2 protein chains.
Amino acid sequence: MKKSFRIKDCSDFVKKGLTDNSMTLDTLTQIYKSLSEPIRLRIIHLLMQRDSLCVCDLVEILQLNQSTVSRHLSYLKNAGMVQAWREGTWMHYALNQATLDPVNREFIESTMQDFAEIQQDQNRLIEHEKAPRKCALS
Amino acid sequence: MKKSFRIKDCSDFVKKGLTDNSMTLDTLTQIYKSLSEPIRLRIIHLLMQRDSLCVCDLVEILQLNQSTVSRHLSYLKNAGMVQAWREGTWMHYALNQATLDPVNREFIESTMQDFAEIQQDQNRLIEHEKAPRKCALS
DNA sequence: AATGTATATCCGTATAAGCGAATATAAACA
DNA sequence: TGTTTATATTCGCTTATACGGATATACATT
């Protein structure tokens with residue numbers, strides 16, 4: 001049976017997906033809002049380092065609750081910041097490069113490298129990739 | 001008598017002013033958060049058009065409640081996005097250019113010009129300046 | 001079909017953000 | 001000093017955001 005629609009969880013993400021390509025004041029604020037959260041910036045930084053990452057990679061690297069990571073990824077997807085596709089049981093996420101246009105990419109890439117949390121994520125990414133991963137087979 | 005400190009209104013702005021110049025992950029998110037609100041983007045756009053504007057200018061151009069405008073300006077000031085100084089009774093606000101580094105300035109300037117609300121603000125700015133203003137004497 | 005694994009979503013709860021009306025503060029001036 | 005004008009802040013309230021634990025869903029494998 002279909003669950004009833006829950007307004008609260010709807011607003012937990014973005015009110016409506018920004019699927020159309022017409023940029024408005026609200027879509028622009030939505031893009032900045034998706035960048036205004038430390039965990040989401042960490043995710044974006046990690047996705048900048050690789051073509052794509054799987055949810056299980058991110059959960060392990062960020063060392064955060066799976067539901068937390070998944071929720072932030074949904075938020076980013078609804079804001080158009082990332083693309084997602086399924087490969088078997090695994091969901092892969094990749095940056096949607098175009099929606100990063102409103103940010104100074106060079107600035108944030110070089111600035112974020114100095115942040116302790118970001119350096120730690122970077123190190124964990126490298127370490128994580130040393131171990132064989134089922135989600136990276138294809 | 002000094003009023004008691006109110007936590008709720010503290011969080012209505014930014015928890016602590018970002019006065020020091022050491023950029024952290026939280027200061028970066030704070031900058032993006034200050035851009036993630038339509039009224040604040042409109043204010044920033046207007047301040048991009050002029051060296052500085054007075055609160056009374058903004059209230060009239062934006063056609064918003066004075067407390068709303070003032071609160072958003074406080075938010076921007078605490079996030080380090082704008083500078084403020086007093087001239088007589090009037091408070092003048094100007095963009096702090098350096099804190100716009102994390103954004104793609106050219107992109108948002110050209111993109112925002114296409115937004116209806118921004119065009120309206122732009123027109124009201126021109127109209128507003130045709131009338132003599134006491135706050136613009138100095 | 002039954003079970004296991006990966007991920008998304010729900011639920012309850014806590015905190016943050018935003019608004020308008022009202023009030024406080026600060027300077028200007030009569 | 002009292003009054004006016006400009007601005008900041010408070011208050012009460014509503015809505016949005018975020019989190020962890022639990023549950024639902026989707027695919028894979030036996």
Side-chain angles (χ1 to χ4, degrees), chain A residues 1-16 26 29-30 33-40 43 53-60 62-79 84-93 133-138, chain B residues 1-16 26 29-30 33-40 43 53-60 62-79 84-93 133-138:
Chain A
M1 194 192 77
K2 193 92 176 90
K3 279 290 173 59
S4 65
F5 185 72
R6 198 189 173 221
I7 290 178
K8 199 178 168 204
D9 270 317
C10 176
S11 70
D12 203 349
F13 308 146
V14 182
K15 263 159 296 182
K16 61 173 172 125
D26 283 326
T29 61
Q30 205 52 256
K33 194 170 291 183
S34 62
L35 297 165
S36 70
E37 213 282 340
I39 295 173
R40 288 200 289 269
I43 291 174
L53 287 169
C54 165
V55 179
C56 62
D57 297 328
L58 289 167
V59 168
E60 190 161 315
L62 298 166
Q63 302 199 308
L64 291 169
N65 194 291
Q66 179 265 321
S67 74
T68 298
V69 173
S70 192
R71 233 181 305 107
H72 282 299
L73 286 168
S74 293
Y75 196 111
L76 290 171
K77 189 154 79 89
N78 282 319
W85 65 92
R86 181 180 285 280
E87 277 180 27
T89 0
W90 294 278
M91 286 297 294
H92 293 259
Y93 284 83
R133 291 169 298 149
K134 280 180 287 182
C135 64
L137 287 183
S138 67
Chain B
M1 195 192 78
K2 192 91 175 92
K3 280 288 175 59
S4 65
F5 184 71
R6 198 189 173 220
I7 290 180
K8 197 175 169 209
D9 270 317
C10 175
S11 70
D12 204 349
F13 307 146
V14 184
K15 264 159 294 181
K16 61 173 172 120
D26 283 325
T29 60
Q30 205 52 254
K33 194 171 290 183
S34 62
L35 297 165
S36 69
E37 214 282 341
I39 296 174
R40 288 200 290 269
I43 291 174
L53 287 170
C54 165
V55 179
C56 63
D57 297 329
L58 289 167
V59 168
E60 190 161 316
L62 298 166
Q63 303 200 308
L64 291 169
N65 195 290
Q66 179 264 323
S67 75
T68 298
V69 173
S70 193
R71 233 181 303 106
H72 282 300
L73 286 168
S74 293
Y75 195 111
L76 290 171
K77 189 154 79 90
N78 281 320
W85 65 94
R86 180 180 286 279
E87 277 179 27
T89 1
W90 294 278
M91 288 296 295
H92 293 259
Y93 284 84
R133 292 169 298 149
K134 280 180 288 184
C135 64
L137 287 183
S138 66

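Note that the coordinates shown come from a computational prediction; the quantities given were computed from them, not determined experimentally. Order of the sequence lines sets the chain letters (A, B, ...), proteins ahead of strands, with each chain counted from 1.
- The side chain of A:Lys33 lies closest to D:dT17, out of D:dC19, C:dC19, D:dT17.
- For the atom pair CG (A:Leu58) and CD (A:Gln66), the distance works out to 11.5 Å, reported to the nearest 0.5 Å.
- Residues satisfying the side chain to side chain donor-acceptor pair (under 3.5 Å) test with B:Ser67, not counting sequence neighbours, are B:Asn65.
- Residues passing the side chain to side chain donor-acceptor pair (under 3.5 Å) test with A:Glu60, sequence neighbours excluded: A:His128.
- The separation between B:Ile39 atom CD1 and C:dC19 atom P is 4 Å, rounded to whole Å.
- Mapping A:Gly88 and A:Asn65 onto DNA chain D by nearest heavy atom places A:Asn65 closer to the 5' end of the strand.
- Close to C:dC19, at under 4.0 Å from its OP1 or OP2, lies a side-chain N or O of B:His72.
- One atom, CG of B:Leu76, and another, P of C:dG18, lie 10 Å apart when rounded to the nearest Å.
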Scan nucleotides 5-8 of chain C against the protein and return all N/O pairs shorter than 3.5 Å with their distances rounded to 0.1 Å.
unit_1	atom_1	unit_2	atom_2	d
C:dT7	OP1	A:Met91	N	3.2
C:dT7	OP2	A:Cys56	N	2.9
C:dA8	OP1	A:Tyr93	OH	2.4
C:dA8	OP2	A:Ser70	OG	2.6
C:dA8	O5'	A:Ser70	OG	3.4
C:dA8	N7	A:Gln66	NE2	2.8
C:dA8	N6	A:Gln66	OE1	3.1

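- Going from atom CD of B:Glu37 over to atom C1' of C:dC19 covers 10 Å, rounded to whole Å.
- With rounding to whole Å, B:Trp85 atom CH2 is found 15 Å from D:dT7 atom C1'.
- With values rounded to the nearest 0.5 angstrom, B:His72 atom NE2 is found 4.0 Å from B:Glu37 atom CD.
- Here the C1' atom of nucleotide C:dA28 and the CD atom of B:Glu87 are 15 Å apart, to the nearest Å.
- Legend: residues meeting side chain to side chain donor-acceptor pair (under 3.5 Å) with B:Gln63, ordered by chain and number and at least two apart, are B:Arg124.
- Shown here are the side chain to side chain contact (heavy atoms under 4.5 Å, CB included) partners of A:Cys54, two or more places apart in sequence or in another chain: A:Cys56, A:Asp57, A:Trp90, A:His92, A:Cys135.
- B:Arg133 has its CZ atom 12 Å from the P atom of D:dT7, to the nearest Å.
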